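In what follows, a structure is listed as C-alpha cells, so that the remarks can point back to it.
Source: prediction; values computed, not measured. Because only heavy atoms are used, hydrogens play no part in the values below, and waters and symmetry mates are left out as well, while side chains stay in.
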Amino acid sequence: MQDTIIEALRRNAADEAVTLARDWVAAEPQQAQAHRWLALALQQQGQLEAAQAALAQALSLAPDDAALHLQHAGLLLAQRQIGAAGQALERSTTLNPNEFSAYVMQSHLALGRDDVDEAERLLRLAERVDPDSPELGALQGMVALRRGDADRALAVLSATAAQLPNDPRVLYALGFAYLGKDMVAFAEQAFRRVLELSPDNHSLRGLLVQLALRQSHLDRAAEVLREVLATPQGNTAGMRRLAAELELAAGQPQQALDYLHPLLAELPGERAVLQMMLVAWQRLGRDEEARTTLEAVLQEHTQLHDLWLARLAIAQVGSEEAVEVVERWLAAMPEHVPALEARMSLHDMNQQHDEAEALARRIVALEPGRLSGEQRIVEALLVREPAAAVAHIQALLEQAPEPARISLRTWLGATQDRANDPAGAVDTWLRVHSELAPSRLPLPQQAKAPAEWPAMGEVADSTVMRPMFLWGAPGSGVERVATVMGAGSRVLRGDRFGPTPPTDAFQNFLTLQRLATDVLSPEQLVQQWREQLPEGRMVVAVRDPRDMLIEWLALGSPAPLALTSSMDAAQWLARSMEQVIELHDKDLYPHLILRTDDAVNDPAAMGALMEQAFGLRFPPVRSLGPRTIEAGHWRRYAKVLSAEFLYLTPVAVRLGYPEV
C-alpha cells in the first residue's frame, strides 16, 4: 500500500493518494505508518489542518519515531508555526541523534531567525552524520553569507549548485552571493532559475525588476513587472508603486500617474507615492491638477504629515498660497512641530522676524532642544545680544547627552566667532579637536626636499589630455574645487578618501620617513608616480595660510587629521606652504596654483575662477558645502593667535598676501 501511495504522490495525484491512505487507515487503524502517509497525502492536497490531525494520530501511536517528528516539523513550517516546528525538530534529534534531515532543517530555522552561531553549530552536527551530503553546501554558503564572507559563499554555493541544479534554496542563496560581489547579471540569472522552479514566488519577481533596473534594462524590467501585475497575488500596492517608478524612469509620466492615482486613494500618506506624483505632475506641467487632487485627499485625511508637505511643494516658495496652506496645516495639527517649522520659515521669508522668533520659542517649548527652534533663537539673540546667544548654546551643552556635544561645541565655536569672541572660539574649537583626536589620523610627516630631484619627463606635443593630481592643505578649499571639478568631469576620482585608496607612495604615511632614510629613493618615488599617472600635472589649492588655519580650527579638514594644538597646526601648515613655494619657484613639476580666497563661499565665483584657470566652462553647482570664513577673517584673530601667525605670516607674504 505504501508503494502505491508513493507512486500516486509522485504523479501529483493527491486525491488518489488520499483515497488509498484512507483505505489503509480503515484497514489498520493502529498502524502509525498508515496515518503518516495519510498526512503526507492530505498535505499535498493542501488540507494542512486535516494533515495535522492525521499526523497527531500517527505520533500518538509511535511517539518515539524520529521520522514522524521530522515530518511534523515540516508540516508546522508549512503552517508558519516556526516555534513549534523547532520543538519538533529537537524531539526528532533527541530520539535519533543521527537524523541528518532534522539537523539540516533546524539549521535553516536558525538562519531564519538570524541566529548564525546556532545554525553553524547544527551544521557541524549534520556534517558528522553525513559529511559528503551536497545539502551541507547550501548551509555552508548561507552561513558564509551571513558572516559577510561573500568570496567563500560564492565558491561554496557555486559548487553546490553544480551538484543540486534544481534546488531553489541553493540557487536563491547563490543569487545573493553574486549580489554580495556586485555581479548583478549573474545574480539575475540565478534568481530567474529559482523562479522557473518556484513560479509563485512573486516577491522574487519584484527583485528581478530591481536587478534589471540596476543594469538599465528598462525593457526587461517592464516585461517582468507586467507578468507580476497580471497575477492576483502579484498585483499588490508595492508592485504598482514599482511600476510607476519604472514608467517615470522611462520618461512616461502619464503612465506613471495611471498607476499612482489608485495608490494615492489606497495609501494617502505614502511618501514615495506622493514624491513620484509630484515629479509626474511637474513633468507634465499640471500644477492645477496636482492642487485639485491633493486638496480632495486632504479633505478626508487632515493628519498626514507627508500629504501636507506634498501640497505645500506645489505652492511657490514664500508665496501667499504657501502661507495659506501652512495656516490650514497648523489648524489641523496645531502642535505638529514640522508645521510650526514651516510657518516659522515663511515668517522669515516675509521679513516677519519677531513672529518667527515667537514660533521658535513655541517649538522648543513643545520639544526642548529641537535644533530648528534653538538655531532661530540663537540667530535672534546674535542680533540683539551676542553674549546671550553664546550663553544659550552653553546652556544647551550642559543638558545635552554626550554624543551630541561635539556638534553643539562646533556650533558654539561658530557662534563665538560671530559674537566677536575670538578667544572663546579658539578655545572651543581646540576642545572639539582634542576630543576627536583619538579617532583621527596623525598629521603626515614632513621632510626637507632631497638635494637633487630626477629630471622631469617630457610631454609629447601630440598629448592633448593629461591627468591631474589635485591637492590642498587643510583650510585651502580643495574640497570645494573638487565639487566644481566633479560637476564638469565624469572621470574625477576622490578615491584617496574612499575605502580602497590607491596604493602609491602618496597614500603611505611612511613615505617621507623612507625617503629620509634612503629606503625609498626620489627616483623610485617619481617612477611610481609616472607608472600610475604618466605625463601628469598638479593643481594646488591655496588661500592665505592664516585664513587656512582659522578654517582648519573651525571646520576641520577633508582628511580626518588629528589636530592637537593650534601651534602644531600652524607649524605643519607653514612647512606645507614652504613646500608649495619651492615647487613653484623651482618649477619641480608641471603645476597650477589655484587661489580660492574670494571663491570659497560662492559657487559662481569658483566656477569662474576655474574657467579662467583651465579655459573650460564648468556646470553650475548649487552649493560648495558649509559656509566658511571669508578672506581676511584671520585679522580678527591677530592677537589670540599671534604666536601661530609668526610662523604663517612669512609664508603668506611669499605667496603674495599682505603682511597685515
May I have the step-by-step check of side-chain contact (heavy atoms from CB on, under 4.5 Å) for Glu270 and Asp306, ending in yes or no?
CA-CA 7 Å; Glu270 178 80 16; Asp306 288 307; over 6 Å; no
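Without hydrogens or angle criteria, Asp417 side chain to Gly413 main chain gives no donor-acceptor distance under 3.5 Å. At distances below 3.5 Å, not a single donor-acceptor pair connects side-chain atoms of His591 with backbone N or O atoms of Arg537. Between the Trp308 side chain and the Thr302 main chain, a donor and an acceptor come within less than 3.5 Å of each other. Distance alone, capped at 3.5 Å, places no donor-acceptor pair between the Ser434 side chain and the Leu430 backbone. The backbone N or O of Glu289 sits less than 3.5 Å from a side-chain atom of Thr293, completing a donor-acceptor pair. When atom types are taken as modelled, the side chain of Thr415 and the backbone of Trp411 share a donor-acceptor pair closer than 3.5 angstrom.
Glu188 is linked by a side chain to side chain donor-acceptor pair (under 3.5 Å) to Arg192, Gln215, Arg220, counting only residues two or more places apart in sequence or in another chain. Gln375 is linked by a side chain to side chain donor-acceptor pair (under 3.5 Å) to nothing, counting only residues two or more places apart in sequence or in another chain.
Tyr657 and Asp597 are linked by a side-chain donor-acceptor pair at a separation below 3.5 angstrom, with hydrogens and angles left out of the test. For the residue pair Glu355 and Gln352, no side-chain donor N or O sits within less than 3.5 Å of a side-chain acceptor on the partner. A donor-acceptor contact closer than 3.5 angstrom links the side chains of Arg286 and Gln254. In the model, His353 has no side-chain atom that pairs as donor or acceptor with a side-chain atom of His347 under 3.5 Å.
Within a 6.0 Å sphere centred on CD of Gln303, heavy atoms belonging to other residues, nucleotides or ligands number more than 12. Phe614 CZ: more than 12 foreign heavy atoms inside a 6.0 Å radius. Other residues, nucleotides and ligands contribute only 12 or fewer heavy atoms inside 6.0 Å of the CD atom of Gln282. Within a 6.0 Å radius of CG in Asp598, other residues, nucleotides and ligands contribute 12 heavy atoms or fewer. Residue Glu611 qualifies as enclosed at atom CD: its count of foreign heavy atoms under 6.0 Å is above 12. Within 6.0 Å of atom CZ in Arg635, more than 12 heavy atoms from other residues, nucleotides or ligands are found, so the atom counts as buried in its surroundings. Heavy-atom neighbours of Gln189 CD from other residues, nucleotides or ligands within 6.0 Å: at or below the threshold of 12. More than 12 heavy atoms of other residues, nucleotides or ligands sit less than 6.0 Å from atom CZ of Arg440.
Summarising the geometry of Leu263 relative to Arg240, their closest heavy-atom pair is CD1-C, 3.8 Å, with the distance given to 0.1 Å.
Arg328 has a carboxylate O that lies under 4.0 Å from a charged side-chain N of Glu295, or vice versa, which qualifies the two as a salt bridge. Taking the charged nitrogens against the carboxylate oxygens, Arg405 and Glu402 do have a contact shorter than 4.0 Å, which makes a salt bridge. A salt bridge is defined here as a Lys NZ or Arg NE, NH1 or NH2 lying under 4.0 Å from an Asp or Glu carboxylate O, and Arg370 with Glu341 meets this definition. Using a 4.0 Å cut-off between charged side-chain N and carboxylate O, Arg241 and Glu245 make no salt bridge. Salt-bridge check for Arg546 with Glu644: failed, with every basic side-chain N at 4.0 Å or more from each acidic carboxylate O.
With a 4.5 Å cut-off on side-chain heavy atoms, Val323 and Asn350 count as touching. Inter-residue side-chain proximity for Arg291 and Arg311 is flagged as met; some heavy-atom pair is nearer than 4.5 Å.
Identified under the side-chain hydrogen bond (donor to acceptor under 3.5 Å, both in side chains) test for residues 470-485, with sequence neighbours left out: none.
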